[in-house]
Amino acid sequence: MNSPSIQNKRPDWDTYFMKIAEFVSERSTCLRRKVGAVVVKEKRILATGYNGAPTGLAHCEEIGCLREKLNIPSGERHELCRGLHAEQNAILQSAYHGVAIKGSKLYVTCHPCSVCAKMIINAGIEEIIINEGYPDEMAKSILKEGKIKVRYLKK
């Protein structure tokens, strides 16, 4: 039993889900950036995702990164990456397991790219809570036009 003198340091919901996204990111096999995503609705986790190669394919940490070899800047030429982004994997896991995510929130450790932004809109996600930025101005524009609420979690 807790003593009354011990303060309860429960995290608020945003901090709780973002910490889970950070933990999920530890599964990433990307050599450049480890990203985690958590889809939440009514304070319940519906799906998680991290960035890495599709199921059954060799991971970048095993075979190397083409984007790194070609010295491609962050936020550009996503089609050259063999991996899926954390947001894509979370959305795909929801679909694969038949979990509806319309009206949900997405906690993600890094601002989505423009490809993920379009998927987020079409998946019906209403809000994105982010830890850090990403150099993709088109993504910001797409999310704004798609009326997706975007906010950064202040730590």
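Numbering starts at 1 and runs along the sequence shown. Predicted model only: the values in this text are computed from it and were never measured.
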Problem set entry | Side-chain (Glu62) to main-chain (His59) donor-acceptor, under 3.5 angstrom | yes
For this session: Give the minimum heavy-atom separation between Ile120 and Pro112, together with the two atoms involved.
Result: CD1-CG, 3.7 Å
Problem set entry | Distance, nearest 0.5 Å, that separates CG of Leu46 from NZ of Lys102 | 14.5 Å
Problem set entry | Any Leu153 side-chain heavy atom under 4.5 Å of Ile130 side chain | no
For this session: Inspect the surroundings of OH in Tyr96 and state if more than 12 heavy atoms from other residues, nucleotides or ligands are less than 6.0 Å away.
Result: no
Exercise. Does a donor on one side chain sit under 3.5 Å from an acceptor on the other, for Asn131 and Tyr107?
Worked result: no
Seminar exercise, completed: Heavy-atom nearest pair, Arg82 first then Ala58, reads NE-O, 2.9 Å
Problem set entry | Option among Ile91, Val40, Leu106 that satisfies the side chain to side chain contact (heavy atoms under 4.5 Å, CB included) test with Ile101 | Ile91
For this session: Tell me whether Ile121 is reachable from Val108 by hopping between hydrophobic residues (I, L, V, M, F, W, Y) whose side-chain heavy atoms are closer than 4.5 Å.
Result: yes
For this session: On the 0 to 90° scale, with breaks at 30° and 60°, tag the Trp13-Phe17 ring pair as parallel, tilted or perpendicular.
Result: parallel
Exercise. So which heavy atom on Asp136 is nearest to which on Ser114, and how close?
Worked result: OD2-N, 2.8 Å
Exercise. Within a reach of under 6.0 Å around CZ of Arg151, are more than 12 heavy atoms found that belong to other residues, nucleotides or ligands?
Worked result: yes
For this session: Report the C-alpha distance between Arg33 and Thr109 in whole Å, list the side-chain angles of each, state the deciding distance to 0.1 Å, and finish with yes or no for side chain to side chain contact (heavy atoms under 4.5 Å, CB included).
Result: CA-CA 10 Å; Arg33 183 187 309 261; Thr109 59; over 6 Å; no
Problem set entry | Closest non-hydrogen atom pair, Gly36 against Ser25 | N-CB, 3.3 Å
Problem set entry | Whether Glu145 side chain and Ile142 backbone form a donor-acceptor pair below 3.5 Å | no
For this session: Please lay out, stage by stage, how Thr48 and Asn89 fare under the test side chain to side chain contact (heavy atoms under 4.5 Å, CB included).
Result: CA-CA 7 Å; Thr48 64; Asn89 270 324; over 6 Å; no
For this session: Identify the two heavy atoms, one from His111 and one from Tyr134, that lie closest to each other, and give their separation to 0.1 Å.
Result: O-CB, 3.3 Å
For this session: Please report the shortest heavy-atom distance between Ser104 and Lys41, naming the atom on each side.
Result: CB-CB, 4.2 Å
For this session: Please step through side chain to side chain contact (heavy atoms under 4.5 Å, CB included) for the pair Ile148 and Glu127, ending with a clear verdict.
Result: CA-CA 6 Å; Ile148 304 299; Glu127 181 178 9; 5.7 Å; no
For this session: Taking only Lys NZ, Arg NE, NH1 and NH2, and the carboxylate oxygens of Asp or Glu, determine whether Glu126 and Lys105 approach each other closer than 4.0 Å.
Result: no
For this session: Flag yes if Ile129 and Ile125 sit in one hydrophobic cluster, no otherwise; membership is Ile, Leu, Val, Met, Phe, Trp, Tyr, and two members link when side-chain heavy atoms are under 4.5 Å apart.
Result: no
Seminar exercise, completed: Distance col, row Tyr50:OH vs Gln93:CD, nearest 0.5 angstrom, shows 8.5 Å
Problem set entry | Residues Glu137, Lys140: salt bridge by 4.0 Å N-O rule | yes
For this session: Taking Lys34 for its side chain and Glu26 for its backbone only, find out whether a donor-acceptor pair lies under 3.5 Å.
Result: no
Exercise. Would Glu68 and Arg32 satisfy salt bridge (Lys or Arg N to Asp or Glu O under 4.0 Å), going step by step from the backbone distance to the final call?
Worked result: CA-CA 8 Å; Glu68 192 70 23; Arg32 298 180 105 185; 2.8 Å; yes
Exercise. Is it true that Glu79 and Arg67 have a side-chain N and a carboxylate O under 4.0 angstrom from each other?
Worked result: no
Exercise. Is there side-chain contact between Leu66 and Cys81, with at least one heavy-atom pair below 4.5 Å?
Worked result: no
For this session: For Asn51 and Val35, indicate whether the former's side chain and the latter's backbone hold a donor-acceptor pair under 3.5 Å.
Result: yes
